[in-house]
Amino acid sequence: MATLNTPLISLPRNPNSQDPNPTSITVNNDRYFANHPILSAIEQCSDTKQLKQVHAQMLRIGLFFDPYSASKLITASSLSPFSSLDYAQQVFDQIPHPNLYTWNTLIRAYASSLDPNQSFLVFLKMLHRCPEFPNKFTFPFVIKAASELLASRVGRVCHGMGGCPEEALELFRGMEAENMKPNDVTMVGVLSACAKKLDLEFGRWVHSYIERNKISLGLTLSNAMLDMYTKCGSVEDAKRLFDEMPEKDIVSWTTMLAGYAKLGEYDAARRVFDAMPRQDIAAWNALISAYEQSGKPKEALAIFHELQLSQLAKPDEVTLVSTLSACSQLGAMDLGGWIHVYMKKQGMKLNFHLTTSLIDMYSKCGNLEKALEVFFSVQRKDVFVWSAMIAGLAMHGRGREAIDLFLKMQEAKVKPNAVTFTNLLCACSHTGLVEEGRLFFNQMKPVYGIVPVVKHYACMVDILGRAGLLEEAVELIEKMPIAPSASVWGALLGACRIHGNVDLAEHACSRLLELEPRNHGAYVLLSNIYAKSGKWERVSGLRKLMRDSGVKKEPGGSSIEANGIVHEFLVGDNSHPLSKKIYSKLDEITTSLKSVGYVPDKSHLLQLVEEDDVKEQALYLHSEKLAIAFGLLSMAHSQPIRIVKNLRVCGDCHSFAKLISRLYDREILLRDRYRFHHFRGGQCTCMDYW
DNA sequence: GTAGGGTTAG
């Protein structure tokens with residue numbers, strides 16, 4: 001055994017000598033000592049006595065505290081012809097902090113023993129004591145023989161846990177450790193959990209596991225696997241499986257359809273839709289929701305209309321949730337309201353999803369009172385319902401009420417989540433509630449157990465920055481435990497615009513552009529700041545920079561719903577059939593506004609427009625002005641003018657709208673990228689704080 | 001028994 005005396009040069013410190021706490025030097029690199037000569041000596045042992053000698057040697061020179069080496073010892077003591085599980089357990093118990101590899105080895109040892117159920121106990125201990133999560137090596141070791149009875153029980157539990165994929169997967173792992181052979185029903189639950197966790201690697205492993213264990217791949221299990229592949233982002237794997245399936249049903253087709261649609265491959269999705277033997281409502285819903293969720297609300301509504309015309313299927317709750325969401329995005333309140341009436345006529349009961357969508361739709365379409373009506377009309381409310389209502393109040397600048405609602409939510413014992421806090425902080429920001437914002441932000445972790453993520457920091461920077469507390473905002477950014485995102489710098493930049501801080505703006509802008517070089521919003525904001533302080537040469541420098549780097553300003557657009565039809569206007573748009581009338585109406589408005597002292601604020605107009613175009617300023621009329629003029633032309637006086645804009649409203653359009661609301665005695669509801677502006681009698685609900 | 005389509009967000 002001369003090799004046993006080989007000095008252990010490669011060990012950084014001797015763990016077995018003076019160190020009172022040998023655990024501290026456990027090497028985490030499993031293969032660090034893979035070539036140590038002692039390890040081959042282990043393999044040469046032919047009885048327990050020899051093995052014990054090697055063990056002693058390993059302890060003496062410290063090699064034992066290397067997890068990989070210790071595992072070799074466990075393997076030898078448990079799996080060799082002279083195996084002794086008791087001894088293997090002893091060896092294991094000497095390891096101060098066994099790592100995943102070591103645990104796996106012991107589980108494997110028990111799984112191969114006469115009493116495989118023991119491996120389940122070891123597995124439970126591992127879940128309790130091992131800081132690492134079980135991995136794919138944990139399972140193959142422990143699956144030997146099992147009881148079908150228990151397997152199906154666990155299968156059901158897995159299914160019951162469809163809200164908690166994590167636990168379902170853990171159960172599967174636990175089940176394997178208990179030596180229960182999973183059947184196809186179990187695997188459906190496991191795949192469904194994979195799909196929810198978006199774990200492709202594990203999903204692929206489960207696939208091969210199913211094949212290796214000859215679990216019957218029936219229609220349902222195949223469908224579950226299709227779903228796993230599409231959800232985990234591999235539509236290729238799904239397609240391959242789909243083509244191989246001897247039997248397909250409507251679920252298989254819909255799964256493929258949804259897979260393509262979610263990837264934005266709408267043509268492929270449509271081909272699947274048209275090719276399937278029959279389109280039930282789920283298939284329609286898959287198309288509608290894919291469009292709605294990828295910011296294509298018009299396309300979503302077009303499909304909804306097609307569905308109604310075809311009468312091939314009846315809209316259900318899911319259809320209406322997606323369609324309402326499309327209405328929210330567009331500000332299409334007539335259609336949204338129609339859906340609400342339709343639901344009542346159908347006798348549909350409001351579930352949480354529908355309630356949330358209705359509140360969101362009414363809020364985003366500008367009818368906050370109606371949103372509140374829905375909110376108070378339902379008895380039971382979940383965190384989505386509460387959060388949507390808080391968001392609604394927030395975007396309408398009713399921060400105090402949002403906070404009140406947040407407090408009521410706790411009386412109702414509904415636990416707020418991260419989104420609730422985003423909405424709440426948003427409410428504080430729009431209403432300038434600095435103290436409250438600070439308080440809630442600081443309470444998140446200690447009181448509610450919610451760790452602030454970057455979005456919450458962005459809100460907080462926004463709250464502080466808007467209020468002019470730029471130093472405190474910068475301090476917060478510097479102290480952030482996570483890397484500030486573009487939105488954090490964006491919030492700071494926005495604050496610099498309000499408070500005219502050019503130096504800080506330049507800093508924030510450059511940090512933002514480091515993260516998102518093509519963020520045109522950053523250029524526009526900085527340009528606004530330069531323009532406001534009269535630094536025109538810097539404005540043109542910025543313009544050149546944008547041109548050279550090929551960054552284009554996102555064109556502003558506004559939409560307005562009149563008599564059930566959504567009309568869209570782009571900046572300088574003259575494509576509307578009533579364009580001529582709209583422009584002459586605008587002339588008329590401008591003249592009358594000027595007579596009461598309106599002075600167009602050109603700094604917003606000039607900002608990033610090419611020199612030559614500036615001469616044709618009329619071509620660059622902001623879209624909200626066109627939409628307002630159209631609203632005045634085509635809507636009854638009693639009707640408020642509701643406009644949705646894709647960008648933030650500029651100062652000039654803001655004062656323009658205020659004046660119109662007084663001069664023409666019209667209510668104007670303008671939703672911009674960040675919030676609502678509710679103009680009435682020459683005032684705006686944002687109190688000019690936006 | 002199990003599988004497809006859904007809600008709040010700087």
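By convention in this document, chain letters (A, B, ...) are assigned in the order of the sequence lines, proteins followed by strands, and residues within each chain are numbered from 1.
In this structure, the nucleotide among B:dG5, B:dG4, B:dT7 sitting nearest to the side chain of A:Ser289 is B:dG5. Side chain of A:Val185, nearest nucleotide from B:dT2, B:dA9, B:dA3: B:dT2. When distances run from any side-chain atom of A:Val251 to the nucleotides B:dA3, B:dG6, B:dA9, the shortest one goes to B:dA3. The side chain of A:Gln293 sits closest to B:dT7 out of B:dA3, B:dG5, B:dT7. The A:Ala286 side chain lies nearest to B:dG5 when the options are B:dG5, B:dG6, B:dT8. Of the candidate nucleotides B:dG5, B:dT7, B:dG6, B:dT7 has the atom lying nearest to any side-chain atom of A:Ser357. Comparing B:dT8, B:dA3, B:dG5 by their nearest atom to the side chain of A:Asn417 picks out B:dT8. Taking only side-chain atoms of A:Thr254, from C-beta outward, the nucleotide of B:dG5, B:dG4, B:dA3 with the closest atom is B:dG4.
Less than 4.0 Å separates DNA chain B from at least one heavy atom of each of the following residues of residues 216-236 of chain A: A:Thr220, A:Asn223, A:Asp227, A:Lys231.
Contact between the side-chain N/O atoms of A:Gln279 and the OP1/OP2 oxygens of B:dG5 is not found at any separation under 4.0 Å. Taking only side-chain nitrogens and oxygens, A:Lys364 comes nearer than 4.0 Å to OP1 or OP2 of B:dA9.
No N or O donor and acceptor, one from the side chain of A:Asn285 and one from the base of B:dG4, sit under 3.5 Å apart. Side-chain N/O atoms of A:Asp316 and base N/O atoms of B:dG5 include a donor-acceptor pair closer than 3.5 Å.
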Compile the donor-acceptor pairs under 3.5 Å between side chains in residues 260-277 of chain A and protein atoms, sequence neighbours left out, one pair per line.
from     : atom 1 : to       : atom 2 : distance (Å)
A:Tyr266 : OH     : A:Ser294 : OG     : 2.5
A:Arg270 : NH1    : A:Glu306 : OE1    : 3.3
A:Arg270 : NH2    : A:Glu306 : OE2    : 2.8

Name each donor-acceptor pair under 3.5 Å that joins a side chain in residues 233-240 of chain A to protein atoms two or more places apart or in another chain, with its distance.
from     : atom 1 : to       : atom 2 : distance (Å)
A:Ser234 : OG     : A:Asp237 : N      : 3.3
A:Ser234 : OG     : A:Asp237 : OD2    : 2.4
A:Asp237 : OD1    : A:Arg240 : NH1    : 3.2
A:Asp237 : OD2    : A:Arg204 : NH2    : 2.7
A:Lys239 : NZ     : A:Asp243 : OD1    : 3.3
A:Lys239 : NZ     : A:Asp243 : OD2    : 2.7

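Under a cutoff of 6.0 Å and an axis angle of 45°, A:Lys381 and A:Phe352 do not form a cation-pi pair.
At the heavy-atom level, A:Asp184 lies nowhere under 4.0 Å from the strands shown. Using a 4.0 Å heavy-atom distance criterion, A:Glu317 is classed as a base contact.
In terms of the ring-ring contact (aromatic ring centres under 6.0 Å, His included) criterion, A:His305 has no residue partners (sequence neighbours excluded). Every residue meeting the ring-ring contact (aromatic ring centres under 6.0 Å, His included) condition with A:Phe440, not counting sequence neighbours, appears here in chain and number order: A:Phe406. Legend: residues meeting ring-ring contact (aromatic ring centres under 6.0 Å, His included) with A:Tyr342, ordered by chain and number and at least two apart, are A:Trp338.
Taking the centre of each ring, A:Phe441 and A:Tyr457 come in below the 6.0 Å mark.
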